[in-house]
Structure formats: C-alpha cells, structure tokens
Amino acid sequence: GADGRVALTTLRGGVPGGKAKTAYLIPWGTDGATRLAVALLEEGFRLVAAHEAITAGGKEWPKGTLVALVERNPETLHSRIDVLAKANNVEVVSLATSYSAAAPRGINSPDAMQSLRVPRIAVAAGDNIEHTSFGSVWHFLERELGVKFTPVRLSSIGSADLSRFNVLIIPDGYGIGGVLGKAEKLKEWVGRGNALIGLGAGGTWFAGKEAGISSAVRVGGEEGDDDKPDAKPTEEKPETKPTEAKPEAKPGEAKSDEKAPAAEKKKATKPLPLPGTIFLAKLDPTHFLAYGYGGSEIAVPVAGSTFLKPSTKGANAVTFGKALLRLSGWAWPDNTEELLAETAYVIDEPLGRGHAILFLHDPTFRSLWPGLRRMLVNAILFGPSRSATFTEGEEGR
C-alpha cells in the first residue's frame, strides 16, 4: 500500500469448497481456529470434536478436528461459518458426505466425536493472586482470543455459586492452598463435569495433602510446601566431617602417608531455584491437551524450585525423560537435572466427570510462550466437554 505495508496473501479464510451438504471441518491448532470455534458456540451453533483420528472427504483428520454438522445446526450456519472463517483467516473444509468407505470412523462415529460446551470462564483474582499473572491471562483471553471471562475473588471461591461456569482458572500466586483449604465444594463442582485449571502456584497446590486434588507429589519436602507464602528454598550443601588432627609421630616412627578419606558428596533431595531455563519435554500425543501440536516434543520453561513427581491416578500430559535435554539457560550442578528428570510438567487429574489440570509454569507469562498457550486453550475448550469417566459408546452423545 501507499503507507508501505504489505498484505500477507498467503493467509486464506472462508469455505473454498462452497456450501456443505453434510458438515464443515475446522482444522485445529491455531488461534484463529479458537476464535472461530468460540464465536460459533457463542452464537448457538453446535460443534463436536474428534477424540480419535477420523476419515472424511478422502483424507484422514487428526484428533482435535472440529466438526459442524449441517443436520444439527440451523440454516444460518452456512453463511456465518463463511463470514467468521474469513474474519479469522481459517480455511474451513466443506463435506458432501459424512461416511468413508476406507475407514470405520467418520464424522458420525459416536465413539470418536463429542459435543463441545460453550466456555463459561471464571478467573481467580484479588489477594494471593499475582497481578502480573492475572493480567497475562486477561490479555490472552480477551485481547488475543476474544474470549470473555468473569473475575472471582480467590477468597470467595469456597462459598461462591460456580454453577454458571464450566471453567475456573487460578493464575499464579502464593498461599493459594492456605486460602482454599480442602476446597470440598470446588472439588464437587469439578466432579460435575467442569474444568479447574491451575497455573504455576495456582496449580501446584493441587498436590498438597490438604487439597487432595492431585496424586502428584512435590520433589523434596512435604506436599504443598511450595504454596506457603514465606517458604523459601534453601541451598543444600554436602555434609562434611571435620578432619581430626593426627598426633605427631614419635621419634623412630615413620610418618603415615595415608590421607583422610574424602567426604562423600550428599545426593541432592531438594531442587534449588532456577531463574528460568528451557528444557525439551515429552508431549503425550494421545491426550486432548496435545491436540493441534502434531508432535511428541515441546520446549518448556522451568523456573523456581518446585518439581512434581508424576500423578499416579491421572494423566501426565507433559513430562521430562530420564535423560534431559537443556536447550537454553543454566542449571545447578548435581541438582537441577537429577531432580527434574522423570517429573511431570502438565498434569490432568480426573475428578468425577471433570478435570483438574495443573501447569507447572504459567503458559501466558508475558506472552513469551505461544507454544504452551495451545494447551491452555485445549484445557478450556475440551476440558469441560471431555468426560473423565464414561461408559463405552457414551462419549459422542
């Protein structure tokens, strides 16, 4: 243009195939797809998500693909999905048939598809919540995705009526467990098919003994220690015993050439705090939090001194292997990598029909980690819709 700006002609949106006879497919994995999906749900259209790979239109579509069935939606779907897809630069696929001769699972397979709920989001705010973490969550949801939410004071969550929400996000903070305690009403709310999402310390309190939400355990120290507002990590030093002075050799006796044995290095048990180091982690491609990634590895930041042993009852969606790959930053010798190995970074703990999802690090932090934010979107959109417990054939109904 005259002002020097150049249009990105590679971005396409809309429905190139024209009006669909059976369904529209929305490929998953971009912020545009998220904005499109939320806009359709907010306008009352019905969407289902593929929780198994499906075959449609002569092509296999991965888990996470969204489907708008023509027969389950009003006639206005055709015009609105085209307009909204263009506005969000999403290329939607139109289908002439919902069946596939090549694969048993199509878009009408009840064991592969599950309906999505309109996200009704509450975000904890006020005392004990870091203002910067709350601000990052606000910016990501409202400014980048166009998703509205309701702030709820952390101290009132135990007594608040959460029935109008299906997602509750607790940003990073301090002393979260001390404020919420056992949170029995909150756990009951999750069990009714809702999603509790904790970021940083807003999630690590799940592993506290009093909370009893997650079966994960903090590496080194008592469960929930990291949630105490005044708790500060202390550096461990190897214990050494003072060397005893040897008596002088008596006349006629040879001096001993033997040296005192070196003090054995004590194995570290508590992580020392990191300012921020990037490691390569393993992503579970079968879990709904991994939809849209198309791989099994992801770079993640690790900060602070809280590491978590994997959940024994839930799903460990992102973990560290036995041999760590440090991509950037530094680590404490004989401490960080030894204690971080084989721990969990993102945990999905089923409670009844719902999910308590824990992120070790706030994925919205300063908008620095767009790769992690996809998991937060998945938690918001799929968490309240993906039944944690179900009987066979019940998922797609």
Side-chain angles (χ1 to χ4, degrees), residues 116-131 133-134 137-138 141 147-218 222-229 288-289 306 308 311-315 346-360 362 376 378-390:
L116 295 183
R117 297 165 66 186
V118 182
R120 300 298 184 212
I121 306 170
V123 178
D127 295 341
N128 297 82
I129 297 296
E130 294 287 355
H131 300 310
S133 182
F134 178 86
V137 172
W138 162 79
L141 293 179
V147 177
K148 295 182 179 180
F149 67 88
T150 302
V152 178
R153 187 171 293 278
L154 180 70
S155 57
S156 67
I157 285 177
S159 58
D161 179 13
L162 298 177
S163 60
R164 60 194 177 107
F165 305 110
N166 53 34
V167 175
L168 171 60
I169 300 174
I170 303 181
D172 202 357
Y174 58 92
I176 306 292
V179 175
L180 296 179
K182 295 182 179 180
E184 293 301 329
K185 285 186 64 177
L186 181 58
K187 287 187 280 189
E188 290 176 7
W189 172 82
V190 176
R192 291 194 290 271
N194 302 305
L196 173 64
I197 304 170
L199 313 180
T204 53
W205 74 277
F206 292 3
K209 186 179 296 184
E210 186 175 19
I213 293 176
S214 175
S215 56
V217 178
R218 184 176 179 234
E222 297 296 322
E223 297 172 299
D225 274 358
D226 59 303
D227 195 46
K228 295 177 183 178
F288 67 81
L289 291 175
T306 301
L308 293 173
S311 167
T312 58
K313 297 180 180 179
V346 178
I347 296 171
D348 168 26
E349 202 78 45
L351 291 178
R353 293 184 295 110
H355 299 264
I357 299 170
L358 181 165
F359 289 81
L360 189 66
D362 179 359
L376 178 57
N378 290 345
I380 292 170
L381 199 61
F382 301 126
S385 304
R386 181 67 170 162
S387 297
T389 57
F390 53 89

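Everything numeric here is computed off the predicted structure, so don't read it as measured data. Because only heavy atoms are used, hydrogens play no part in the values below, and waters and symmetry mates are left out as well, while side chains stay in.
- Annotation: side chain of Phe165 is not in contact with side chain of Phe149 (no heavy-atom distance under 4.5 Å).
- When the options Ile347, Ile176, Leu308, Leu358 are evaluated for a side chain to side chain contact (heavy atoms under 4.5 Å, CB included) with Phe206, the one that passes is Leu358.
- Put simply, the side chain of Ile213 reaches to within 4.5 Å of the side chain of Trp205, judged on heavy atoms.
- Between Leu196 and Leu351, every side-chain heavy-atom pair lies at or beyond the 4.5 Å cut-off.
- Going from atom CG of Leu162 over to atom NZ of Lys185 covers 7.5 Å, rounded to the nearest 0.5 Å.
- Applying the side-chain hydrogen bond (donor to acceptor under 3.5 Å, both in side chains) criterion to Asn378, with sequence neighbours excluded, gives Trp28.
- The shortest side-chain heavy-atom distance between Val190 and Leu168 does not fall under the 4.5 Å cut-off.
- Ion pair Lys187/Glu184 flagged as a salt bridge, since at least one NZ, NE, NH1 or NH2 atom sits closer than 4.0 Å to an Asp/Glu carboxylate oxygen.
- Between Arg353 and Arg192 there is a side-chain heavy-atom pair separated by less than 4.5 Å.
- Pro171 is not listed as a side-chain neighbour of Glu130, based on a closest heavy-atom distance of 4.5 Å or more.
- Of all heavy-atom pairs spanning Leu154 and Asp127, the tightest one is CD2-O, 3.8 Å.
- Here the side chains of Val167 and Val123 are not in contact, with every heavy-atom distance at 4.5 Å or above.
- Under the 4.5 Å side-chain criterion, counting only non-hydrogen atoms from C-beta, Leu141 is in contact with Ile169.
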